*Asks:* 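Here you go, one structure.
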Amino acid sequence: MVKIESVRKRFGQLEVLKGVSLDVPAGAVVCVVGPSGSGKSTLLRCVNRLETIDAGRVWVDGELMGFSEQGGKLHLLRPGDLCRQRQEIGMVFQRFHLFPHMTALENVMEGPCTVKRLSKAAAAERAMTLLERVGLADRAGYYPRQLSGGQQQRVAIARSLAMDPKLMLFDEPTSALDPELVQEVLQVMRDLAASGMTMIVVTHEMGFAREAGDHLVFIDDGVIVEEGPPREVLSSPRHERTRAFLGQVL
Ligand code: ADP
Ligand code: MG
């Protein structure tokens, strides 16, 4: 579903991704861990081209992101085509970014109404199904300020799913939450994984990585230092840097 090939990204003098390659098969859950500043968020943002890349390529579902290829030459995609590519990729951030003046239901309806041009009635019905799926049917009429952080994040996940993505990117979705609210969000993500969604998850929740992850990637200083089955990497890391990191977070 995702192929990341030798991606490099720099901000000015600072090279943040130094040739990162990663394959994510359809239906797989890949967890990405690593120290703060190692390039995890940048990597996710390079997948849906919230960032341009300096070298390498990214394919999602067989399509080269950001470019079209004609006769061996790369052409920058027109903004409209890039928008279409992005619509097929859901992204959930540490901060939920819900529209504060809209109810939970309206937040979930917004994308389908404005982007997919679904009728209000059809979008509302679909939004309600998604709110049920994340356990919030009874909060449909609440505004974000009336919801806990965990509930807001579940609405944000439902909102992403409303666009019917092929791929979901999660950037530390539970890091801003009070500890007692983390599990309800992880449970929604586990259910989503079980339903067959392809997911790349940047997280510090090693329990989630161990149970729900198919593959674990440890990234440090812009390179993938170590990767493999989560249980193996977590129980017997091969590299000193991985050991040092896991020693701090486990
Ligand atoms: P992580 O998510 O692993 O904490 P990031 O990908 O957010 O790391 O950041 C990696 C490095 O790139 C950091 O040093 C950060 O300061 C830098 N960085 C990220 N985004 C930008 C930007 N837009 N401009 C300049 N530097 C950035
Ligand atoms: Mg980050």
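The first residue in the sequence is number 1, and the count goes up from there. As the structure lists them, so they are numbered: ligands from 1, and atoms in each ligand from 1. Please read all numbers here as calculations on a predicted model, not as lab measurements.
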*Asks:* Protein non-hydrogen atoms only, distance under 4.0 Å: does atom 10 (C) of ligand 1 have such a neighbour?
*Replies:* yes

*Asks:* By number and element, which atoms of ligand 1 are closer than 4.0 Å to a non-hydrogen atom of Pro35?
*Replies:* 3 (O)

*Asks:* Could you walk me through whether Asp221 and Ser38 satisfy the side-chain contact (heavy atoms from CB on, under 4.5 Å) test, starting with their C-alpha distance in whole Å, then the side-chain angles of each, then the deciding distance to 0.1 Å, before giving a yes or no?
*Replies:* CA-CA 5 Å; Asp221 199 17; Ser38 57; 5.9 Å; no

*Asks:* Based purely on interatomic distance, does Glu51 place a nitrogen or oxygen under 3.5 Å from a nitrogen or oxygen of ligand 1?
*Replies:* no

*Asks:* I'd like to know if Gly34 contacts ligand 1, where contact means a heavy-atom distance under 4.0 Å to any ligand atom.
*Replies:* no

*Asks:* Nearest heavy-atom pair of Arg49 and Gly66: which atoms, and what distance?
*Replies:* CD-CA, 3.2 Å

*Asks:* Nearest protein heavy atom to atom 14 (O) of ligand 1: under 4.0 Å?
*Replies:* yes

*Asks:* Which atoms of ligand 1 sit under 4.0 Å from any heavy atom of Thr42?
*Replies:* 5 (P), 6 (O), 9 (O)

*Asks:* Give me the residue, atom name and distance of the protein heavy atom closest to atom 7 (O) of ligand 1.
*Replies:* Ser41 CB, 3.6 Å

*Asks:* Do the non-hydrogen side-chain atoms of Val92 and Met189 ever get within less than 4.5 Å of each other?
*Replies:* no

*Asks:* With the threshold set at under 4.0 angstrom, would you say Gly222 reaches ligand 1 through any of its heavy atoms?
*Replies:* no

*Asks:* Write out the residue and atom name of the closest protein heavy atom to atom 4 (O) of ligand 1, then the distance separating them to 0.1 Å.
*Replies:* Gly37 N, 2.7 Å

*Asks:* Taking N or O atoms only and a 3.5 Å limit, does Val16 qualify as a polar contact for ligand 1?
*Replies:* no

*Asks:* Could Arg145 and Tyr143 be counted as a cation-pi pair, given that NZ or CZ must be under 6.0 Å from the ring centre and within 45° of the axis?
*Replies:* yes

*Asks:* Nearest protein heavy-atom contact for atom 8 (O) of ligand 1: which residue, which atom, what distance?
*Replies:* Gly39 N, 3.3 Å

*Asks:* I want to check a possible cation-pi pair here: Arg238 against Phe218, using under 6.0 Å from ring centre and within 45° of the ring axis as the test.
*Replies:* no

*Asks:* Has Ser36 got an N, O or S atom lying less than 2.8 Å from the Mg ion (ligand 2)?
*Replies:* no

*Asks:* Test your reading of the model: is there a side-chain donor-acceptor pair from Asp54 to the backbone of Arg10, 3.5 Å cut-off?
*Replies:* yes

*Asks:* Write down the atom of Leu246, the atom of Val233, and the distance for their closest heavy-atom approach.
*Replies:* CD1-O, 3.6 Å

*Asks:* For ligand 1, indicate whether the residue Leu14 contacts it via side chain, backbone, both or neither (heavy-atom separation under 4.0 Å).
*Replies:* side chain

*Asks:* Which atom pair, heavy atoms only, marks the closest approach of Lys40 to Val33?
*Replies:* CD-C, 3.8 Å

*Asks:* Give, for atom CD of Glu106 and atom CZ of Phe99, the distance between the pair rounded to the nearest 0.5 Å.
*Replies:* 11.5 Å

*Asks:* Please report whether ligand 1 has a polar contact with Phe11, defined as an N or O pair separated by less than 3.5 Å (distance criterion only).
*Replies:* no

